[in-house]
Amino acid sequence: MATGYPAELGAALRRALARLMRTPSHSRRADAARRGARSILALTALASVATVLLMFAVDAVWIGLMPTRGTASLWPVRILTDFAKSRYVLWTLAALLVALWLLLPRLQGASRAVLVGIGTRVQYVFLAVLVPVLAGEVLKGIVGRGRPFVGGSADPFNFTWFAWSEAYASIPSGHTITAAALAFAVSALWPRLTGVMIAYAVTIAVTRLVLLAHHPSDVVAGALIGLLGALAVRYWFAARRLAFTIRPDGTIDPLPGPSWDRVKGVARDALAS
């Protein structure tokens, strides 16, 4: 068992990567790509117009209405906002993936199949957050927009291109990218949670404004990037028949996942082994 387990562990990882990187096979992937392209264009156009309008008409006024940065009574808001800190979210998802991967060689038959299904869904959520977060970090460094009151005034046009510094990393909002991507990813898999996840994403966006970490336009730009990244990752999975399927009209729907009773059964089997 001691010599067999590492080999089985490596084989499980190779199979997971092979599934993720295999050639797209869904016959309706072109329909989904066309439908997704239309959604992406519409989202990008709407959010881009909103971002520009906010920069010119709202940003300076809005941040002038917010409490002073560092206000002691805002401690609950500072706790709330950390629920969308990218490294916390990503490390939590990564730890869950590792735990599932370590359990996989210990299970056989139906229990292993259920665990693979769970792992595929966690993998999707992880990548749906990771991809837009990485894109957002690159954009922050290139655009170099100053955060509210950096330089001493509420200037929404304080840019230092290629600054690559925290003070000039205002657009897009990283927390909002994480929250929007996570909200979309979870809602795509479990539509019943859509309302809860929208409330979560909106709450995070508001905390970034109240804490004077971002301008309103930064938050809109962050939400756009989070959604676009999560949409792209969902298409990648659906085209390979992983966790999603594609309807004749190109709509991507989640595949039925294991029931809670099956999940509890797998947990019992893992503990017993």
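Start at 1 with the first residue, then count along the sequence.
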Is a side-chain donor or acceptor of Ser187 paired with a backbone partner of Ala183 at a separation under 3.5 angstrom? yes
### Short side-chain to backbone donor-acceptor contact, Tyr235 and Ile252, under 3.5 Å
no
Output for pair (Asp82 CG, Ile204 CD1), nearest 0.5 Å, gives 8.5 Å
For Ser170 and Gly146, the nearest pair of non-hydrogen atoms, with its separation, is CB-O, 3.5 Å
What one should report as the nearest heavy-atom pair of Phe184 and Leu231 is CZ-CD2, 3.4 Å
Between the CG atom in Leu96 and the OG1 atom in Thr92, the distance rounded to the nearest 0.5 Å is 9.0 Å
pair Arg22-Arg241: side-chain heavy atoms closer than 4.5 Å = yes
List the steps, then state whether side-chain contact (heavy atoms from CB on, under 4.5 Å) holds for Leu17 with Arg14.
CA-CA 5 Å; Leu17 291 175; Arg14 288 192 296 273; 5.9 Å; no
Tell me whether the guanidinium CZ or amine NZ of Arg106 lies under 6.0 angstrom from the six-membered ring centre of Tyr5 and within 45° of its axis.
-> yes
Residues Ala185 and Ala128: closest non-hydrogen pair is CB-CB, 3.7 Å
- [ ] Tell me whether Ile225 is reachable from Met55 by hopping between hydrophobic residues (I, L, V, M, F, W, Y) whose side-chain heavy atoms are closer than 4.5 Å.
- [x] no
| field | Side-chain donor or acceptor of Arg29 paired with backbone N/O of His26 under 3.5 Å | value | yes
CG (Leu46) and OG1 (Thr44) are apart, to the nearest 0.5 Å, by 9.5 Å
May I ask you to decide if Leu74's main-chain N or O and Thr71's side chain share a donor-acceptor pair within less than 3.5 Å?
-> no
### Query
Sub-3.5 Å donor-acceptor pair from the side chain of Arg147 to the main-chain atoms of Ala213, do we have one?
yes
query = Counting distance only, does the side-chain N/O of Thr178 pair as donor-acceptor with the main-chain N or O of Gly174 below 3.5 Å?
reply = yes
Between Ala167 and Val150 the two heavy atoms that sit nearest each other are O-CG2, 3.7 Å
Phe149 CZ: over 12 foreign heavy atoms closer than 6.0 Å:
yes
- Go through the steps for Lys140 and Arg145 under the test side-chain contact (heavy atoms from CB on, under 4.5 Å), then give the verdict. CA-CA 7 Å; Lys140 280 173 178 282; Arg145 188 187 195 188; over 6 Å; no
(Q) If you define the side chain from C-beta out and look only at heavy atoms, does anything of Leu228 sit under 4.5 Å from Pro132? (A) no
Is it the case that the side chain of Arg69 and the backbone of Leu212 share a donor-acceptor pair, with hydrogens and angles ignored and the cut-off at 3.5 Å?
yes
Would you say the side chains of Ser153 and Asp155 form a donor-acceptor pair under 3.5 Å? no
Taken to the nearest 0.5 Å, the spacing of Asp249 CG from Arg35 CZ works out to 5.0 Å
* Asked: Is it the case that Arg240 places NZ or CZ above or below the six-membered ring of Trp236, under 6.0 angstrom from the centre and within 45 degrees of the axis?
  -> yes
query: Within the side chain of Thr176, is there an N or O that forms a donor-acceptor pair under 3.5 Å with the backbone of Pro172?
result: no
In this structure, NE2 of His215 is separated from OG of Ser173 (nearest 0.5 Å) by 12.0 Å
Quick one: does Val220's side chain get under 4.5 Å of Leu224's, heavy atoms only? no
Discussion item. Any salt bridge linking Arg34 with Asp31? Criterion: basic side-chain nitrogen under 4.0 Å from a carboxylate oxygen.
Written reply: yes
Report task. For Ser111 and Leu107, indicate whether the former's side chain and the latter's backbone hold a donor-acceptor pair under 3.5 Å. Result -> no
Under 4.5 Å between side-chain heavy atoms, counting indirect links through other Ile/Leu/Val/Met/Phe/Trp/Tyr residues: same cluster for Phe157 and Val49 or not?
no
| said: Applying ring-ring contact (aromatic ring centres under 6.0 Å, His included) to Tyr168 and Phe162, what does each step give before you reach the verdict? | reply: CA-CA 9 Å; Tyr168 287 87; Phe162 299 98; over 10 Å; no
Step-by-step side-chain hydrogen bond (donor to acceptor under 3.5 Å, both in side chains) determination, Thr245 to Asp253 | CA-CA 5 Å; Thr245 189; Asp253 284 337; over 6 Å; no
What one should report as the nearest heavy-atom pair of Met66 and Val210 is SD-CA, 3.7 Å
| query | For Trp164, does the CH2 atom have more than 12 heavy-atom neighbours from other residues, nucleotides or ligands under 6.0 Å away? | reply | yes
Please walk me through it: do Ile171 and Thr51 pass side-chain contact (heavy atoms from CB on, under 4.5 Å)? CA-CA 10 Å; Ile171 191 169; Thr51 298; 4.3 Å; yes
Between the CG atom in Leu255 and the CZ atom in Phe244, the distance rounded to the nearest 0.5 Å is 8.5 Å
Do Ser217 and Asp59 pair up side chain to side chain, a donor and an acceptor below 3.5 Å, judged on atom types alone? yes
Self-check item: Check: Thr81/Arg208 side-chain N/O donor and acceptor closer than 3.5 Å
Solution: yes
Check the orientation of Trp161 and Phe159. Use parallel for under 30°, tilted for 30 to 60°, and perpendicular for over 60°. parallel
Carefully, step by step, assess Val263 and Ile118 under the rule side-chain contact (heavy atoms from CB on, under 4.5 Å).
CA-CA 8 Å; Val263 172; Ile118 296 169; 3.9 Å; yes
**OP:** Flag yes if Val122 and Met197 sit in one hydrophobic cluster, no otherwise; membership is Ile, Leu, Val, Met, Phe, Trp, Tyr, and two members link when side-chain heavy atoms are under 4.5 Å apart.
**Re:** yes
Tightest non-hydrogen contact, residues Leu189 and Ala243, listed as CD2-CB, 4.2 Å
message: Would you say Leu209 ends up clustered with Leu80 if hydrophobic residues are merged whenever their side chains have heavy atoms under 4.5 Å apart, either directly or through other cluster members?
response: no
Sub-3.5 Å donor-acceptor pair from the side chain of Arg28 to the main-chain atoms of Ile246, do we have one?
yes
Do the side chains of Tyr200 and Leu193 join up, straight or via other hydrophobic residues, at under 4.5 Å, putting them in one cluster? yes
Taking the six-membered ring for Trp, are Tyr124 and Phe237 closer than 6.0 Å centroid to centroid? yes
